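These notes concern the structure reproduced below.
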Amino acid sequence: MDPLELLITNDVLRVMDLLGVFVMGVAAGALASRLNFDAVGFAVIGIIAGLGGGIVRDLVLDFGIPAAFADPWYLACALGGAGFTFVIAADGAWWRRLVSVLDIAAMGLWAATGTAKSLGYGLDVLPAILLGITSAVGGGVIRDVLVGRIPAIFGGGPLYATGALVTAVLTWAVVALGLPSPLVLIAVAVGSLLAGVAAWRRWTLPGHSEWQVTMSAAQLKRLVRRTRKRERERVALETGTIPVIDPDSDDLADDAAAEDLDAARYEDRVFEASAAEELPGSPEHGQQHEQRAPDPGPSGDDPADHEDPAGESR
């Protein structure tokens with residue numbers, strides 16, 4: 001049996017599909033309730049959230065009448081979920097957990113169905129995977145845009161899109177390798193499990209600021225200078241010969257006297273204590289020697305003379 005045929009015709013999976021549409025309608029209705037929408041707002045946002053991803057997929061594939069409109073049960077489940085929240089408040093903690101679990105399971109199922117359908121219509125692997133992800137999370141994105149907020153999949157939220165990506169890739173592997181169609185259910189389970197664990201453990205993808213290079217020109221200049229200085233000190237320790245840099249022709253060497261405090265602090269954070277402290281004859285070694293020399297005190301006596309017989313200083 002073809003994986004797409006299994007996903008569409010299996011009665012259990014069909015019930016899960018419709019249940020996912022209902023749950024998305026409930027979740028969208030809860031959002032509409034917080035925003036004080038009227039009945040029309042509940043209906044529209046429920047349909048968009050529950051069916052938006054599949055509608056976009058079928059329009060891209062030129063499927064004809066989208067499956068969401070060809071089967072009246074889909075519209076009924078989306079409207080039923082939104083209507084349920086319109087009548088009954090669904091804000092309890094246990095209810096939110098139940099909705100999240102069912103939503104994640106539906107997300108995995110939709111990602112597999114969208115990918116298999118796209119491959120069946122002759123799309124290459126990357127467009128098919130993209131449409132699989134769109135099937136899974138497209139409704140939520142359109143819902144968030146309609147209410148004027150940044151879509152949750154753009155960062156800071158559960159890894160729904162990542163879970164959908166994993167499911168889509170594994171579904172493509174099942175189809176491309178000609179594996180038994182029931183294995184597509186493993187793809188659904190793996191992607192859903194990843195999204196569920198991520199929601200439970202509050203995992204998120206790294207944000208842009210965590211990868212962005214923020215060094216200023218002065219910091220970069222001091223960083224390069226210190227790196228070159230470290231290399232010269234290493235060569236000196238190993239060979240006894242110090243490579244000389246002429247300050248008249250090397251602006252990085254001249255930068256040693258720069259008084260940019262921020263750049264200096266950055267340089268100190270990146271590098272630990274300089275190896276020049278171990279290099280006899282270097283200015284740093286002389287400064288360290290002077291700092292470590294004991295103060296003879298006002299009388300000029302050696303501090304060792306003031307130790308008691310027990311060996312402890314008074």
Side-chain angles (χ1 to χ4, degrees), residues 3 6-8 10 12-31 45-57 68 74 77-78 80-82 84-85 90-117 129-144 149-172 174 182-205:
L6 172 66
L7 291 168
I8 293 177
N10 185 276
V12 175
L13 297 181
R14 177 173 170 77
V15 170
M16 289 181 58
D17 193 17
L18 293 174
L19 183 60
V21 174
F22 178 84
V23 168
M24 285 297 291
V26 171
L31 175 61
I45 200 172
I47 293 173
I48 289 297
L51 306 176
I55 293 173
V56 171
R57 176 202 63 214
Y74 284 100
C77 288
F84 178 86
T85 314
D91 292 331
W94 67 271
W95 179 255
R96 287 196 297 270
R97 295 191 188 97
L98 177 62
V99 168
S100 297
V101 170
L102 296 176
D103 183 23
I104 289 172
M107 175 274 301
L109 186 60
W110 292 341
T113 303
T115 304
K117 179 178 282 191
I129 290 175
L130 178 59
L131 278 184
I133 298 173
T134 301
S135 300
V137 302
V141 171
I142 300 174
R143 174 203 63 200
D144 290 342
R149 70 180 188 181
I150 298 175
I153 66 167
F154 288 173
L159 302 182
Y160 283 5
T162 304
L165 173 62
V166 171
T167 297
V169 171
L170 294 179
T171 300
W172 164 78
V174 171
L183 290 180
V184 76
L185 301 181
I186 296 179
V188 174
V190 171
S192 300
L193 182 62
L194 172 62
V197 173
W200 172 47
R201 301 295 297 176
R202 301 184 184 277
W203 292 344
T204 58
L205 295 177

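Positions are given from 1 along the sequence. Keep in mind that what you see is a predicted model, and the values were worked out from it rather than measured.
Side-chain atoms of Ile186 and Leu170, non-hydrogen and from C-beta on, never get closer than 4.5 Å to each other. Contact of the Val190 side chain with the Leu194 side chain is not registered, since no non-hydrogen atoms from C-beta on lie closer than 4.5 Å. Counting heavy atoms from C-beta on, the side chains of Ile142 and Val56 come closer than 4.5 Å. Using a 4.5 Å cut-off on side-chain heavy atoms (C-beta onward), Thr113 and Asp17 make no contact. Looking at heavy atoms from C-beta onward, Trp110 lies out of side-chain contact with Thr167 at the 4.5 angstrom threshold.
Residue Ile133 holds its CD1 atom at 10.5 Å from CE of Met107, rounded to the nearest 0.5 Å. The structure places CG of Asp103 at 10.5 Å from CG of Leu19, a figure rounded to the nearest 0.5 Å. Taken to the nearest 0.5 Å, the CG atom of Leu7 stands 10.5 Å off from the NZ atom of Lys117. Atom CZ of Arg143 is separated from atom CD1 of Ile48 by 11.5 Å, given to the nearest 0.5 angstrom. Between the CG atom of Leu159 and the CZ atom of Arg201 there is a distance of 13.0 Å, given to the nearest 0.5 Å.
When atom types are taken as modelled, the side chain of Thr134 and the backbone of Gly53 share no donor-acceptor pair closer than 3.5 angstrom. Panel note: side chain Ser135, backbone Gly54; no donor-acceptor pair is recorded below 3.5 Å.
Identified under the ring pair (Phe, Tyr, Trp, His ring centres under 6.0 Å) test for residues 150-169, with sequence neighbours left out: none.
The two residues Gly25 and Thr85 have their closest heavy-atom pair at O-OG1, 4.4 Å. When all heavy atoms of Leu131 and Arg57 are compared, the closest pair comes out as CD2-CA, 4.2 Å. Scanning both residues, Thr115 and Ala168, for their nearest heavy atoms gives OG1-CB, 3.2 Å. Closest approach of Ala49 to Ala28, counting heavy atoms only: CB-CB, 3.6 Å. Considering every non-hydrogen atom in both Ile129 and Leu165, the closest pair reads CG2-CD1, 3.8 Å. Shown here for Ile104 and Ser192, the closest heavy-atom pair between the two residues is CG2-O, 3.2 Å.
Applying the salt bridge (charged side-chain N to carboxylate O under 4.0 Å, His left out) test to Arg149 and every residue at least two apart in sequence or in another chain returns Asp144. Residues forming a ring pair (Phe, Tyr, Trp, His ring centres under 6.0 Å) with Phe84 (at least two apart in sequence, or on another chain): Trp95.
The number of heavy-atom neighbours closer than 6.0 Å to CD1 of Ile150, taken from other residues, nucleotides and ligands shown, is 12 or below.
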